[in-house]
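In this chain, numbering begins with 1 at the start of the sequence shown.
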Amino acid sequence: MSRGTSSALIALLLMAVLTSKAFEVEDIVPGHQVAAQIGEDLELRCRTTGCDSPTFSWRTQLDFPLGANVSQQGSSSVLTMKVGFENEHEYLCNTRCGEVRKQQRVQIDIYSFPSDPAIEISQPLVLGEPATITCRVPKVYPADRLEIYLEIEGEVPRVTDFFREPLIKSVETKSASMTFTPSEEDNGRKITCRAKLPIDEMEFEPKERKTTQILQVNYAPRLPDFSILPAASVKEGETVTLQCFAKGNPAAKVTIRKKSTSEEVVLDGKDGVVHIARATPDDAGDYECEAENEFGKVKRAETLSVEYGPRNTRIVAVPSSTVKEGDTITLTCSTNGSPTPKVFWKKHLLGGGSRLVLEGATLTIKAVQAEAMGLYECEAVNAAGKESRTVEIIVQVLSPSTPEMSHSTPELSPTAPELSPSTIELSTTAPELSPSSPELSPSTPELTHRNEAVTEVEDFTIKSTTYNTQHQVTDSKGDDPEKETSLATNGRIFTTYTASRNNTITYTVKVDDVGNSTEEDKIVIDRLDYVTPVIIAVSSLATAAGPMAALLIYIFRKAKINGSYSLVNSLKPKV
């Protein structure tokens, strides 16, 4: 071999040695062992150094189909695949630079754990009704390594594993279930499903997933909390607030109504609250709160009382407030008020004040006597006030012992007839007639009664009796025109009068046909607090013969001159 040939050979050998030392294959990215999730894209990169134009080839260990795409980018080769069961192999990356060959290996392990578990409830949770809660884990591989933990907040988790199940070469959806009967306390609690895929020989994340859900326990509204503020009983004019709250899920719709026998009125309120600015008696009554949702409804009633003083008090007398002696009279007092007023009957006393007669609404007086006459007061009383009404009982007293004047001239009695303490009797007697009396005129009869004071007399009667007809005597109380009574003759007529509170009664006697003059008598009643009944019997004397008229005129004049008799003196004991 020549020297030149030898030098060239040495140079080629040296170059080959130098070149072989520079050509290398780096580790396959992402590594020698890759955990790839089924369904995801995986990219394996094989890269060389020290070679300008390397060549690449990929194959599986057992020459299974690649199931992937190969591309070369300069000194790198990329294997791209959609991971499936067919990719669970060992892959080889073969490279060559000239006569030099290099190789790298990568193991692909596959799994599937793509999403968080789902919590499913067989039906809406209803209080007291059993339901099934399921934790479902979709697309799991290998499912035999899966563990499911299902727990309700505050309770021990329930664990389900699948170790004993055979391995199936596919992704599976696994689930764990529990039967659950919710209580009211479960509403708002957390339920959690945790799924684990603990494959220690594979590196991937996450190996645990979980889902948490808030329990919604549905139930019909509970008995409403219905309150009336400030209290169920208020005074008229106070502000009242009606509040109604009912616990339920979903939230209950609350309606407040005022109930009555004829209708129900829905009140205008918001969030179960109704305001009454100023309570009146019309606001009193029964109120109802109704709470309703899709699972049922409940009701509750409360009563509002509005206190107010007695009003519209009235008295009814049966048969009348004026009765005859011996009859029965019933007085009934009716009133309104809240609380229900108590009723008291009182009788006014002569000296002032009153005395209690009866507690109750109805006062019945049987066999009425003259002493029952007077002013009666019905007083209605409750906590909010009181109200009174009065009624006057008038008793018509018939006296059979009234003295009468005969047609003949009676003799003058030196003394007045004896009277009972409750009777004043006025009798007209005829004194001796004096024909020479210049003041007498048949056409001007006069009767004058001197003013007298009567003390502590409850009832008194003025009685007068005349005969014949065609005369009219009018007897009236001057201080009370409404009490004026016209009395016809032809018999006795007894009329009861009651004195006014000024303790003075004026009686006017007018005699027609005998003369057109009028005389007045005043009776002053001392220390009387209410009206004193007076019975007057008046009859008129018809025009008679001249002597009879003269006799009457003489009597009237003598009465005027002599002052008649004293009512007080007539009551004094005779000695």
*Asks:* Answer yes or no: is there a donor N or O on one side and an acceptor on the other, between the side chain of Asn249 and the main chain of Val217, under 3.5 Å?
*Replies:* yes

*Asks:* Between the side chains of Glu184 and Arg222, is the shortest nitrogen-to-carboxylate-oxygen separation below 4.0 Å, so that they form an ion pair?
*Replies:* yes

*Asks:* Let me know which of Arg257, Lys258, Glu290 forms a side chain to side chain contact (heavy atoms under 4.5 Å, CB included) with Val266.
*Replies:* Arg257

*Asks:* Is there a donor-acceptor pair closer than 3.5 Å between any side-chain N or O of Trp58 and the backbone N or O of Asn94?
*Replies:* no

*Asks:* Could you tell me whether Glu203 atom CD has more than 12 heavy atoms of other residues or ligands within 6.0 Å of it?
*Replies:* no

*Asks:* Are side-chain heavy atoms of Pro117 and Ile148 found at a separation under 4.5 Å?
*Replies:* no

*Asks:* Please determine whether the number of non-hydrogen atoms from other residues, nucleotides or ligands lying under 6.0 Å from atom NZ of Lys207 exceeds 12.
*Replies:* yes

*Asks:* Can we say Asp186 and Arg189 salt-bridge, meaning some charged N sits less than 4.0 Å from an Asp/Glu carboxylate O?
*Replies:* yes

*Asks:* Could you check whether Thr134 and Ser177, counting side-chain N and O atoms only, form a donor-acceptor pair closer than 3.5 Å?
*Replies:* yes

*Asks:* Compare every heavy atom of Lys235 with every heavy atom of Val306, then report the nearest pair and how far apart it is.
*Replies:* CG1-C, 4.3 Å

*Asks:* Could you check if a side-chain atom of Gln73 sits within less than 4.5 angstrom of a side-chain atom of Arg45, using non-hydrogen atoms only?
*Replies:* yes

*Asks:* Begin from the C-alpha positions of Asp268 and Val274 and carry the test side-chain contact (heavy atoms from CB on, under 4.5 Å) through to its verdict.
*Replies:* CA-CA 7 Å; Asp268 184 19; Val274 172; over 6 Å; no

*Asks:* Quiz question: by atom type and distance under 3.5 Å, do the side chains of Glu147 and Tyr149 form a donor-acceptor pair?
*Replies:* yes

*Asks:* Quick check for you: to the nearest 0.5 Å, what is the distance between Glu165 atom CD and Leu146 atom CG?
*Replies:* 9.5 Å

*Asks:* Would you say Ser175 and Thr160 make side-chain contact, with heavy atoms under 4.5 Å?
*Replies:* no

*Asks:* Does Met373 offer a backbone N or O that forms a donor-acceptor pair with the side chain of Lys347 under 3.5 Å?
*Replies:* yes

*Asks:* To the nearest 0.5 Å, tell me how far Asp109 CG sits from Glu88 CD.
*Replies:* 6.0 Å

*Asks:* Assess whether salt bridge (charged side-chain N to carboxylate O under 4.0 Å, His left out) is satisfied between Lys346 and Glu359, documenting all intermediate values.
*Replies:* CA-CA 9 Å; Lys346 301 176 183 179; Glu359 179 179 347; over 6 Å; no

*Asks:* Could you tell me whether a side-chain N or O of Gln243 sits under 3.5 Å from a main-chain N or O of Leu229, the two making a donor and an acceptor?
*Replies:* no

*Asks:* Heavy-atom distance under 4.5 Å between the side chains of Pro142 and Ile199, does that happen here?
*Replies:* yes

*Asks:* Identify whether the distance between the nearest side-chain nitrogen and carboxylate oxygen of Glu302 and Arg300 falls below 4.0 Å.
*Replies:* yes

*Asks:* Work out which heavy atom in Val298 is nearest to a heavy atom in Pro224; give both atom names and the distance.
*Replies:* CG2-CD, 3.7 Å

*Asks:* Give the intermediate values and the outcome of side-chain hydrogen bond (donor to acceptor under 3.5 Å, both in side chains) for residues Thr313 and Thr335.
*Replies:* CA-CA 4 Å; Thr313 304; Thr335 187; 2.8 Å; yes

*Asks:* Between the side chain of Thr328 and the main-chain N/O of Lys366, is any donor-acceptor distance below 3.5 Å?
*Replies:* no

*Asks:* For the CG atom of Leu363 and the CG atom of Leu358, what is their distance to the nearest 0.5 Å?
*Replies:* 5.5 Å

*Asks:* Taking the six-membered ring where the residue is Trp, are the ring centres of Tyr141 and Phe85 under 6.0 Å apart?
*Replies:* yes

*Asks:* Donor-acceptor check, side chain of Asp116 to backbone of Thr211, threshold 3.5 angstrom: yes or no?
*Replies:* no

*Asks:* To the nearest 0.5 angstrom, please state how far the CD atom of Gln396 sits from the NZ atom of Lys324.
*Replies:* 6.5 Å

*Asks:* Can any side-chain N or O of Asn382 pair as donor or acceptor with the backbone N or O of Pro339 at less than 3.5 Å?
*Replies:* yes

*Asks:* So, for Phe56 and Ser77, which heavy atoms are closest and what is the spacing to 0.1 Å?
*Replies:* CG-CB, 3.5 Å

*Asks:* Do Glu236 and Arg311 meet the salt-bridge criterion of a basic N to acidic O distance under 4.0 Å?
*Replies:* yes

*Asks:* Which atoms form the tightest heavy-atom contact between Pro221 and Ala291, and what is the distance?
*Replies:* CG-O, 3.6 Å

*Asks:* Let me confirm one number: the CD-CZ distance from Glu205 to Phe113, rounded to the nearest 0.5 Å.
*Replies:* 10.5 Å

*Asks:* Under a 4.0 Å threshold between the charged nitrogen and the carboxylate oxygen, would Glu151 count as salt-bridged to Arg194?
*Replies:* yes

*Asks:* Under 6.0 Å from the ring centre and within 45 degrees of the ring axis: does the NZ or CZ of Lys247 meet both conditions for the six-membered ring of Phe245?
*Replies:* no

*Asks:* Working note: Leu125 + Phe180, criterion side-chain contact (heavy atoms from CB on, under 4.5 Å); need CA distance, chi angles, decisive distance, verdict.
*Replies:* CA-CA 9 Å; Leu125 292 178; Phe180 175 64; 4.1 Å; yes

*Asks:* Quick one: are the ring centres of Phe295 and Tyr219 less than 6.0 Å apart?
*Replies:* no

*Asks:* If you measure only the distance, is there a donor-acceptor pair under 3.5 Å linking the side chains of Thr303 and Asp286?
*Replies:* yes

*Asks:* What I'd like to find out is whether the side chain of Val273 reaches to under 4.5 Å of the side chain of Leu242, using heavy atoms alone.
*Replies:* no

*Asks:* Output yes when a side-chain donor or acceptor of Glu129 lies under 3.5 Å from a complementary backbone atom of Val126, and no otherwise.
*Replies:* no

*Asks:* Taking the side chain as C-beta and beyond, is there a heavy-atom pair between Cys378 and Val343 under 4.5 Å?
*Replies:* yes

*Asks:* Would you compute the distance between atom CD1 of Ile329 and atom OG of Ser320 and round it to the nearest 0.5 angstrom?
*Replies:* 7.0 Å

*Asks:* Any chance you could lay out the side-chain contact (heavy atoms from CB on, under 4.5 Å) test for Leu197 and Phe204, step after step, and finish with the verdict?
*Replies:* CA-CA 10 Å; Leu197 195 62; Phe204 62 89; 4.2 Å; yes

*Asks:* Does the side chain of Val265 come within less than 4.5 Å of Glu263's, by heavy atoms?
*Replies:* yes

*Asks:* Between the side chains of Arg389 and Glu387, is the shortest nitrogen-to-carboxylate-oxygen separation below 4.0 Å, so that they form an ion pair?
*Replies:* yes

*Asks:* Val78 versus Glu43: any side-chain heavy-atom pair under 4.5 Å?
*Replies:* yes

*Asks:* Hey, is the main chain of Thr212 close enough, under 3.5 Å, to the side chain of Lys190 for a donor-acceptor pair?
*Replies:* no

*Asks:* Decide, yes or no, whether a salt bridge links Glu90 with Arg105 under the criterion of side-chain N to carboxylate O below 4.0 Å.
*Replies:* yes

*Asks:* Taking atom types as modelled and ignoring hydrogens, do the side chains of Gln37 and Ser112 form a donor-acceptor contact shorter than 3.5 angstrom?
*Replies:* no

*Asks:* Answer with yes or no whether the side chains of Glu377 and His348 bring together a donor and an acceptor at under 3.5 Å.
*Replies:* yes

*Asks:* How close do Ala36 and Leu42 get, counting heavy atoms only, and between which atoms?
*Replies:* CB-CD2, 4.0 Å

*Asks:* Could you check Val25 against Cys46 for side-chain contact (heavy atoms from CB on, under 4.5 Å), going step by step and ending with a plain yes or no?
*Replies:* CA-CA 7 Å; Val25 178; Cys46 182; 3.8 Å; yes

*Asks:* Strictly distance-based, threshold 3.5 Å: is any side-chain N or O of Tyr91 a donor or acceptor partner for the main-chain N or O of Leu66?
*Replies:* yes

